[in-house]
Number of protein chains: 2
Amino acid sequence: MTASPSASRDMASSRVFDTLKQDLIRGRFAAGEKLAISALKDHYQVGLSPLREALNRLAAYGLLEQVNQRGFRVPAMHLEELDDIAGLRVQLECMALTQAFQAGDSEWESQVLAAHHRLRRADEHPERVEEWEQAHLRFHRALLASCGSHWLLRFIEQLHDQFDRYRRLAPPNPAVRKVLDRQHGELVELALSRDIAAARALLDDHIRLSHSVARGCCESPASGDNT
Amino acid sequence: MTASPSASRDMASSRVFDTLKQDLIRGRFAAGEKLAISALKDHYQVGLSPLREALNRLAAYGLLEQVNQRGFRVPAMHLEELDDIAGLRVQLECMALTQAFQAGDSEWESQVLAAHHRLRRADEHPERVEEWEQAHLRFHRALLASCGSHWLLRFIEQLHDQFDRYRRLAPPNPAVRKVLDRQHGELVELALSRDIAAARALLDDHIRLSHSVARGCCESPASGDNT
DNA sequence: CATCTCAATAAAATCGATTTTTTTACTAAA
DNA sequence: TTTAGTAAAAAAATCGATTTTATTGAGATG
């Protein structure tokens, strides 16, 4: 099943935005690293203008920093910032979850079930990491989608991307993954039964678990600087 | 009092970003309006590249929308979105207020007092609207500054900008202004006495009052179009 | 009279080259 | 040995022109 039927081709700046965004989240660049524009130009096979437009959008989004006349750099990573991001995720996602449970209709339930099914299927191929990652992101999106607040969902998405920068530093851990997957299933059940209190507690645990894993990995290698 | 001493001049893209951002918040463009790039180029006296970079940043920030090969347009305004923004402002700013009161030190108290003083001074010149607007923004920033969460402050700032797009549609109302100003003074007192519960209730009222004023203005004139 | 096609026009997106600024490397003085 | 100073090199930012895509309107067709 492909995306949209009359999918008019995106412009170059959007394409490079998407791929560069993924590369930043996946940690293909070191924290604090300065991006060499001409190297990016070669690597992503785009011209200067679309590349610079993408870099500007990513800087406004918070995945890059623009220094006055000194180009773009990958933001440094700090344990405190990870704590900040995780703490806010708990607050905002629990808020959205409550509203989603209150406003969700049967179409929402269907989408949550469908997303969960795809997540379980993706789990069957442990070698295809990115497919699971995408299914995971979409499951959490589906869970909160009916909350009714465009801006809340936007901020949650942004925090999720920032969180992933840290989480992806940690090596995959099957034991943790197993717990997280069980929690996904429980979240689906609680969504169907509209048990807000239990679901909030579970989502809180869910995020904190990922947080502590990422934290353990982020703690060790001191500060990130490699010019 | 000027800004920084060795202020190295910003690049053109940043300058046009700032002024265009203000113009968008101040409602100099109609909601839904399509921006003619060459006209902007003439108006802001910049080249195409810096202008497009600024437009891309504003789109990522949410003050513009980019349509695939059809350029940039000012986002439409909807009553529901205003409600969403105001509701989230209440939630997030109360959250930040609590943390700010808990973590604020005497330096924070000083900055709040200073910002409040500047706000009262700005009030003495009702004709200089923009000075009051800036002092007002800075007062609310100072009040929450010590909350300790970079990302929470970032989202609050973004929501504030979005909210102002709606609020500024309403004509100035001296009676409302008087109430808001009294609330600012009360917020300062509650900050000094660290009365979290009372301050949260007051900030809630404060935002809801602005919200209802903006709402009243947003309801009447159907959709905005004035080319 | 409405609808469709296709050229003409306008606008957006992109490219290649130029200008400006920063960084580096080298030299000379303290 | 360190500190300034300065010229060369590199990189970022910007400009002007080209390419691509969308929009418009006249004429043809049902």
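In what follows, chains carry the letters A, B, and so on, assigned in the order in which the sequence lines appear, proteins first and then strands, with residues in each chain numbered from 1.
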Heteroatom pairs (N/O) under 3.5 angstrom, protein to nucleotides 18-21 of chain D:
from	atom 1	to	atom 2	distance (Å)
D/dT21	OP1	A/Arg9	NH2	3.2

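- Counting only residues at least two apart or in different chains, ring-ring contact (aromatic ring centres under 6.0 Å, His included) contacts with residues 107-130 of chain B comprise B/Phe101-B/Trp108, B/His116-B/Phe139.
- In this structure, CG of B/Leu35 is placed 13 Å from C1' of C/dA11, rounded to the nearest angstrom.
- The side-chain hydrogen bond (donor to acceptor under 3.5 Å, both in side chains) test applied to A/Gln45 returns no partner, not counting sequence neighbours.
- Atom CZ in A/Phe72 sits about 9 Å away from atom C1' in D/dA12, given to the nearest Å.
- Here A/Lys34 reaches the OP1 or OP2 of D/dA12: one of its side-chain N or O atoms lies under 4.0 Å away.
- A salt bridge between B/Glu53 and A/Arg52 is present, with a side-chain N of the basic residue lying under 4.0 Å from a carboxylate O of the acidic one.
- Annotation: cation-pi geometry satisfied between B/Arg177 and B/Trp132 (NZ/CZ under 6.0 angstrom from ring centroid, within 45° of ring axis).
- Atom CZ of A/Arg73 is separated from atom P of C/dT22 by 14 Å (rounded to the nearest Å).
- Residues forming a side-chain contact (heavy atoms from CB on, under 4.5 Å) with B/Asp83 (at least two apart in sequence, or on another chain): B/His211, B/Arg215.
- Going from atom CZ of B/Arg70 over to atom C1' of D/dT23 covers 10 Å, rounded to whole Å.
- Counting any heavy atom pair closer than 4.0 Å across all strands shown, A/Ser13 reaches sugar-phosphate atoms only and no base atom.
- What separates CD1 of A/Ile37 from C1' of C/dA17 is a distance of 16 Å, to the nearest Å.
- At a threshold of 4.0 Å, the pair A/Glu133-A/Arg26 does not count as salt-bridged, since none of the basic side-chain nitrogens sits closer than that to a carboxylate oxygen.
- Using a 4.5 Å cut-off on side-chain heavy atoms (C-beta onward), A/Leu180 and A/His206 make contact.
- One atom, CD of A/Gln66, and another, P of D/dA12, lie 11 Å apart when rounded to the nearest Å.
- Residue pairs satisfying the ring-ring contact (aromatic ring centres under 6.0 Å, His included) criterion with at least one member in residues 27-85 of chain A, sequence neighbours excluded, are absent.
- When the shell of 6.0 Å around CZ of B/Arg154 is examined, it contains more than 12 heavy atoms from other residues, nucleotides or ligands.
- Sorted by residue number, the members of residues 40-59 of chain B with any non-hydrogen atom under 4.0 Å from DNA chain D read B/Gly47, B/Leu48, B/Ser49, B/Pro50.
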